[in-house]
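Have a look at the structure below before the remarks.
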Amino acid sequence: MNTNTVRYNQPYKFRVHYYSDHGNGPTNYTVTIKLYNGTPQQTTLTYTGGLAVSNSSNDQPTNTGADWKDIATITLTQPTAATVAPVVQSTPETGLTITVPAPPLSERLRLKP
């Protein structure tokens, strides 16, 4: 996989799955998403929660159920003068949506400290 490729306007979904409780019952999770890591624009978003149901047979990435939690959907966009910082929105219908202006590779390489 080429980590230098940006797929603009395609959603990246961040989810957690409680695969197995190993007899320990409910579990808690902490998800940290760093945007613009290592740059002056670095933004860190942290989300916590709990899952009470595990299901090892419901492990496909597109599955749903009480053993899954959708954390965020991130969409990378080309930056414009009006959009230079991430926009975080949360609604009951769509959950957490983060739009992140991401410059092309040539500009990202120039920005590295």
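FYI, side chains are in, hydrogens and waters are out, and symmetry mates aren't considered; it's all heavy atoms of this structure.
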Measuring only between side-chain heavy atoms, which start at C-beta, is [X] closer than 4.5 Å to [Y]?
| X | Y | answer |
| --- | --- | --- |
| Thr30 | Tyr47 | no |
| Phe14 | Asp70 | no |
| Thr27 | Tyr18 | yes |
| Thr77 | Asn9 | yes |
| Leu35 | Ile74 | yes |
| Tyr29 | Leu51 | yes |
| Ile98 | Thr73 | no |
| Tyr19 | Asn58 | no |

Using 0.5 Å steps for rounding, measure from the CG atom of Asn28 to the OG1 atom of Thr48. 8.0 Å
Can you measure from CD (Gln78) to OH (Tyr8) and round to the nearest 0.5 angstrom? 4.5 Å
Evaluate the criterion side-chain contact (heavy atoms from CB on, under 4.5 Å) for residue pair Val100 and Thr75; output intermediate values, then yes/no. CA-CA 6 Å; Val100 181; Thr75 303; over 6 Å; no
On a heavy-atom basis, the closest approach of Thr99 and Pro101 is O-CD, 3.8 Å
Look only at the side chain of [X] and the backbone of [Y], and say whether a donor-acceptor pair between them is shorter than 3.5 Å.
| X | Y | result |
| --- | --- | --- |
| Arg15 | Ile71 | no |
| Thr43 | Gln41 | yes |
| Ser54 | Asp21 | yes |

Indicate, with yes or no, if Ile33 and Trp68 share a hydrophobic cluster defined by side-chain heavy-atom contacts under 4.5 Å among Ile, Leu, Val, Met, Phe, Trp and Tyr.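 Per the 4.5 Å side-chain linkage, Trp68 and Ile33 are not co-clustered.
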Say whether His17 and Asp67, considering side chains only, have a donor N or O and an acceptor N or O under 3.5 Å apart.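 His17 vs Asp67: donor-acceptor pair found between side chains.
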